[in-house]
Amino acid sequence: MIIDGKKTAEKLREDLKKKIIDLKSTFNSVPGLTVILVGDDPASKIYVKNKEKFSKEVGMNSEVIRYPKNVEESVILDKIMELNKDKKISGILVQLPLPKHISKKKVIETILPAKDVDGFHPVNVGNLSSGYDSSIPCTPLGCFLLLKKVEKNLSGKHAVIIGRSNLNGKPMAQLLLKENCTVTITHSKTKDLKEECLKADIIVAAVGKPKLVKGDWVKKNAIVIDVGINKTESGIVGDVDFDEVSKVARAITPVPGGVGPMTIACLLNNTVECFKRANS
Ligand code: NAP
């Protein structure tokens with residue numbers, strides 16, 4: 001089975017559109033997402049453009065605030081504090097990466113946890129790891145929803161996560177632990193990655209190494225979620241060798257068209273959830 005992230009994301013956005021119509025009739029207002037973009041990194045500009053497009057499409061208020069790359073850190077922090085107080089804004093996202101002179105940590109910690117749609121604030125990270133309600137980082141949430149489409153009951157499954165970033169690997173591990181998976185987190189210092197992968201019922205690869213996971217690393221009937229986005233001479237490929245692994249796995253996400261489209265849909269979902277919490 002090839003897990004169609006594009007279709008799943010479309011369906012999620014359709015559902016959100018309906019939810020937002022209902023919210024509007026109940027509260028006479030709609031969720032609002034503000035994205036701060038610093039500098040002119042081409043990939044960031046594309047991500048932000050898509051975030052704006054899809055948030056408008058589902059009926060949210062959407063705003064992008066742009067700053068030049070030499071903007072002072074204090075300007076960004078002051079703007080975030082202003083947005084924190086603005087009742088019309090449900091979610092704030094500062095597009096990463098930031099220029100070196102701006103502290104990512106300070107920026108993330110200045111965003112009110114209740115408006116942290118990326119789920120990066122330490123309060124949300126702590127809530128997720130304690131099993132409490134929180135904003136969940138968008139890419140792992142997307143992976144999780146795709147996984148649940150294939151397998152409703154994940155209890156007792158052995159999940160191997162490749163990569164331990166705060167963005168992907170660590171929150172993914174927390175989500176799967178909450179579902180009673182036995183979770184192994186692997187990283188660049190793991191001794192025998194192939195051997196770890198061969199034990200897995202579920203593999204989530206978030207590494208950034210083209211086609212790292214080979215067909216003979218995967219147990220028959222495993223579910224494989226590929227987070228990687230790697231530019232190569234032959235185009236964009238994932239961290240999994242799709243041609244080899246799709247012959248062995250029970251289900252696999254393609255790249256492109258797998259996890260990628262889910263990330264923005266989950267951002268919109270998080271914004272709606274923040275709006276609902278603020279109004280409840
Ligand atoms: P990251 O911060 O660079 O983390 C990569 C992780 O992989 C690190 O934990 C690193 O280990 C580990 N690693 C590196 N080489 C390894 C190896 N040979 N064996 C095992 N582990 C290894 O990357 P990230 O931000 O999580 O992103 C990972 C990939 O996902 C990238 O391709 C990125 O473009 C993609 N991505 C996709 C989406 C999407 O929407 N689909 C969103 C975000 C990111 P150490 O900790 O030991 O260094």
Side-chain angles (χ1 to χ4, degrees), residues 1-3 5 96-97 118-120 122 124-126 128-131 136-151 153-232 236-256 258-260 262-263 266:
M1 174 189 179
I2 294 171
I3 309 168
L96 302 176
D118 258 340
F120 295 160
N124 283 319
V125 175
L128 177 62
S129 67
S130 304
I136 299 166
C138 306
T139 303
L141 178 59
C143 294
F144 181 74
L145 296 178
L146 293 178
L147 202 48
K148 284 292 242 181
K149 267 182 78 79
V150 182
E151 184 71 65
N153 183 8
L154 300 174
S155 183
K157 303 275 181 217
H158 188 171
V160 171
I161 298 169
I162 317 178
R164 56 175 163 183
S165 68
N166 292 336
L167 184 71
N168 290 309
K170 284 182 198 153
M172 191 70 224
Q174 297 299 348
L175 285 171
L176 294 176
L177 264 182
K178 212 172 161 187
E179 289 286 304
N180 299 319
C181 286
T182 302
V183 180
T184 303
I185 305 177
T186 64
H187 45 77
S188 67
K189 308 291 184 289
T190 296
K191 286 242 164 65
D192 191 339
L193 188 58
K194 177 179 172 182
E195 191 186 289
E196 296 301 335
C197 287
L198 276 168
K199 295 179 202 154
D201 303 308
I202 296 162
I203 295 176
V204 180
V207 194
K209 298 256 181 281
K211 300 189 183 183
L212 175 77
V213 179
K214 302 292 177 198
D216 63 352
W217 291 28
V218 178
K219 197 161 81 174
K220 199 165 183 301
N221 288 330
I223 305 171
V224 179
I225 306 287
D226 190 353
V227 183
I229 301 177
N230 306 292
K231 273 190 200 156
T232 68
I236 302 276
V237 300
D239 292 337
V240 175
D241 189 324
F242 184 85
D243 292 340
E244 287 188 13
V245 174
S246 57
K247 293 192 183 97
V248 193
R250 171 179 155 208
I252 182 169
T253 57
V255 177
V259 175
M262 289 298 286
T263 298
C266 288

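Because the structure is a prediction, the values reported are computed rather than measured. Computed over heavy atoms, backbone and side chain alike; hydrogens, waters and symmetry mates excluded.
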With a 4.5 Å limit on heavy-atom distance, are the side chains of [X] and [Y] in contact?
| X | Y | answer |
| --- | --- | --- |
| T186 | C197 | no |
| L141 | M262 | no |
| W217 | I203 | no |
| V240 | K211 | no |

Going through the checks in order, is the side-chain contact (heavy atoms from CB on, under 4.5 Å) test met by D239 and I162? CA-CA 10 Å; D239 292 337; I162 317 178; over 6 Å; no
Where is the tightest heavy-atom contact between [X] and [Y], given as atom of each residue plus distance?
| X | Y | result |
| --- | --- | --- |
| C138 | C266 | O-CB, 3.5 Å |
| H187 | I185 | CD2-O, 4.2 Å |
| A251 | V150 | CB-CG1, 3.8 Å |
| A200 | A222 | O-CB, 3.7 Å |
| G228 | V255 | O-CG1, 3.5 Å |
| M172 | C143 | SD-CB, 3.6 Å |

From CA spacing to verdict: side-chain contact (heavy atoms from CB on, under 4.5 Å), I236, K231: CA-CA 5 Å; I236 302 276; K231 273 190 200 156; 3.6 Å; yes
Can you spot which of K148, Q174, K157 makes a side chain to side chain donor-acceptor pair (under 3.5 Å) with E179? K148
Would you say the side-chain atoms of [X] pair up with the backbone N or O of [Y], donor to acceptor, closer than 3.5 Å?
| X | Y | value |
| --- | --- | --- |
| N230 | G238 | yes |
| T190 | L193 | no |
| D201 | H158 | yes |

Atom pair [atom1]/[atom2] of [X] and [Y] - distance to nearest 0.5 Å:
| X | Y | atom1 | atom2 | result |
| --- | --- | --- | --- | --- |
| I136 | L145 | CD1 | CG | 8.5 Å |
| F242 | K247 | CZ | NZ | 10.0 Å |
| D118 | L167 | CG | CG | 8.0 Å |

Candidate pair L147 and L175, rule side-chain contact (heavy atoms from CB on, under 4.5 Å), full reasoning: CA-CA 11 Å; L147 202 48; L175 285 171; over 6 Å; no
Residue from D226, I252, V224, I225 passing side chain to side chain contact (heavy atoms under 4.5 Å, CB included) with I3: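 For I3, the side chain to side chain contact (heavy atoms under 4.5 Å, CB included) check succeeds only for I225.
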In terms of heavy-atom contacts, does NZ of K199 have more than 12 from other residues, nucleotides or ligands at under 6.0 Å? yes
Checking I223 against M1 for the side-chain contact (heavy atoms from CB on, under 4.5 Å) test, could you report, in this order, the C-alpha distance in whole Å, the side-chain angles of both residues, the deciding distance, and whether it holds? CA-CA 9 Å; I223 305 171; M1 174 189 179; over 6 Å; no
